[in-house]
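Structure, as C-alpha cells:
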Protein chains: 2
Amino acid sequence: MKTEKVSELTTNRLSVYLRCLNELAVSGTETISSQALADQFNLNSAQIRKDLAYFGEFGVRGVGYYVEDLRRHLMNILGLTEKRKVVIVGLGNLGLALANYQGFNQDSFEVVGLFDDDPAKIGVKTRIGVTIQSTKHLSEAIRRDKVEIVILAVPAIAAERVLEEVTEAGVRAVLNFAPVHLNPRPGVKVKTVDLTISLESLSYFLANPGTDAVSVDYRDFLGREAGANGAAR
Amino acid sequence: MKTEKVSELTTNRLSVYLRCLNELAVSGTETISSQALADQFNLNSAQIRKDLAYFGEFGVRGVGYYVEDLRRHLMNILGLTEKRKVVIVGLGNLGLALANYQGFNQDSFEVVGLFDDDPAKIGVKTRIGVTIQSTKHLSEAIRRDKVEIVILAVPAIAAERVLEEVTEAGVRAVLNFAPVHLNPRPGVKVKTVDLTISLESLSYFLANPGTDAVSVDYRDFLGREAGANGAAR
DNA sequence: AATTGTGAATTCCTTCACAGCC
DNA sequence: GGCTGTGAAGGAATTCACAATT
C-alpha cells in the first residue's frame, strides 16, 4: 500500500474491474487471477496488479483474488458503500433520459431532485416519481438535502453559471453533459461527457482509415485540466 | 507534416480546438495564437502546436493561426465536410433522447434510422420525424442507406450481438452507450461512453478528498484496448 | 517583437521479468 | 506450479526551450 497519488486512469479501471467482479460473484466464481481478468478487457495482467497494489495487497499468491473480497475492497475504495445524493439540472431530452435511467447503481446513487428553469416543465413528475422544480430552489435544496453530485444537462451557455451556483452551495462533484469546457474551482471535480467529441472522433477514424493505431476505447479526451486541487499547470 | 501515427488524445483535442474556432469565427476574430487558444482549456501552447503539426504547418510565425483557415483545415482532418449517416439502435430513455438531441453537428451527422425490437415502439415517430423500425430491417437499412455510424443504446446484454450484426453489414464506427466492454473486429472502431464509470469516478473523488491530483476532465477511462487495426496486444 | 515548429528533457503510464509466497 | 507484488525497463504524452520565420 502506497501513498502516491493514483491516476484517474487507474481508478476508472477499478470501476471496470468492479463491474466484472459483480458478474463473477453472481455466477458464483470464487477466485480470479489477474491474467483471467486482464483477458476480459485486453489489458496487461501487471497493470491490474499494479492498479490494485496502490490500495493494498488483496491477492493470494498461487491463487489469485477472492472475488467477494476484492469486490468489497473496490466498493470501499470507490466510495460506493454510501449512497450519494444526486440532482439533475436541465430536463431537456438528455436530462429527462438520465432522470429515468435505471442503469446507475441504485445502491450508491440516488436522484433526489430535478431542476429546470422552463416554467412549462416545473411540476412535471417523472417516471421515477421525482417532480421537476424551479432552479430558484436549487441552492437551497442542495444545502438542505446534502447533495453531493450534480448532473449538468443544461445548454452550453448556461453550464458555467450553474456550475458556479452549485459550487457555491457546496457541491464538489459534477458530471457535465454540456459541450463546453468548464473550469471548476479548486476542490471541485468536473467530469465532462462530450458527445460531439465522441462522434467527431469516429468521423476522424472514418476519414483516415488505417491512420488509426490501437484504439483506446476507454482513454479519451483532451489533456490535463485545472482541477480538484486547483493546481492548474 | 509527418506520417507518424496520431494519438486519439490529439484528435480529441482537435475537436475541442475546432469548437473554439467556430466561436471565434462567429465573433469575427481573425487570428489566434497557440497561447491564447491554450489559455481557454488550461493546456500548454506547445501541445496545441504539436497537435497541429502532425497534419501540416498551418500557422504563421509572429502572427499565429488564421481562424477561418485553421477551422477549415480541422474540419477536413476530422472528416466533417461530408455528412455521415447515423442510425440509433435501442430507443429506451437514452436512445430516444439521443434521437431528439439537437446538439450534434447537423451538417456532419444525419440520423437516418431508429431501430428497436420492442413491438410497442415500432412505428412511433420521434420529434425529428424519424420512425422507429424493427431491428429485423437493421442490416438491410445499413446496406441500402450506406450508414457509417451506429449508436448503440441497447441493454448491455444485447450490445455484443448488435455490434456483430452491424459490423457484418459494413459499419466501421460505433458509439456505444451500453455499460459493457466490446471487442470490435479489426478495422472497426468502438467508442464507449460509460456513465457508470463517470459517476463512480466522482464517487472516488468524494470518498478520497485530497488524494486527487490535477483532474483530467477530458482524459478518461481505462487503458489500451483491442482496436481498429486489430493489433490487440 | 511575436509566435511558430520542433529537438531535447521530462513526466507519466505500461509492460517486462522475476523474486517471493502459497 | 501458479500467481501475486514490484523494481526496472520501455514507451508514450507533455512540456521546455530555442532556433527559425514573418
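Note that the coordinates shown come from a computational prediction; the quantities given were computed from them, not determined experimentally. Just so we're on the same page: letters track the sequence lines, and every chain starts at 1. All heavy atoms count here, side chains included; hydrogens, waters and symmetry mates do not.
Among the heavy atoms of the strands lying under 4.0 Å from Ser7(B) are primed sugar atoms or P, OP1, OP2 only; no base atom is included. Note on Ser34(B): only backbone sugar-phosphate atoms sit closer than 4.0 angstrom, heavy atoms only; bases stay farther off.
The nearest whole Å value for the distance from the CZ atom in Phe55(A) to the P atom in dT6(D) is 14 Å. What separates CZ of Arg49(A) from C1' of dC21(C) is a distance of 14 Å, to the nearest Å. One can place CD of Gln35(A) at 10 Å from P of dC16(C), the figure rounded to the nearest angstrom. Atom CD in Gln47(A) sits about 16 Å away from atom C1' in dT4(D), given to the nearest Å. Remark: P of dC16(C) and CG of Asn44(A) are 5 Å apart, rounded to the nearest angstrom. Between the P atom of dT6(C) and the CZ atom of Phe58(B) lies a distance of 12 Å, rounded to the nearest Å. Atom CD1 in Ile48(A) sits roughly 13 Å away from atom C1' in dC3(D) (whole-Å rounding). Following rounding to the nearest Å, Glu8(B) (CD) and dT14(D) (P) show an atom-to-atom distance of 12 Å.
The shortest distance between side-chain heavy atoms of Pro184(B) and Thr167(B) does not fall below 4.5 Å. In this structure, the side chains of Ile149(B) and Leu206(A) come closer than 4.5 Å at one or more pairs of heavy atoms.
In this model, a donor atom of one side chain and an acceptor atom of the other lie less than 3.5 Å apart for Arg49(B) and Ser34(B).
Of the possible polar contacts, none joining the Thr10(B) side chain to the Asp51(B) backbone as a donor-acceptor pair under 3.5 Å is found. A distance-only check finds a donor-acceptor pair linking the side chain of Asn93(A) to the backbone of Asn100(B) [under 3.5 Å]. Distance alone, capped at 3.5 Å, places no donor-acceptor pair between the Arg172(B) side chain and the Pro209(A) backbone.
In terms of the ring-ring contact (aromatic ring centres under 6.0 Å, His included) criterion, Tyr66(A) has no residue partners (sequence neighbours excluded).
In the region residues 59-68 of chain B, proximity to DNA chain C at under 4.0 angstrom, judged on heavy atoms, holds for Gly59(B), Val60(B), Arg61(B), Gly62(B), Val63(B), Gly64(B), Tyr65(B).
At the phosphate of dT14(D), OP1 or OP2 sits under 4.0 Å from a side-chain N or O atom of Arg13(B).
Side-chain to base pairing of Lys50(A) with dT14(C): no donor and acceptor N or O lie closer than 3.5 Å to each other.
In this structure, of dA13(D), dT15(C), dT15(D), it is dA13(D) that holds the atom nearest to the side chain of Leu9(B).
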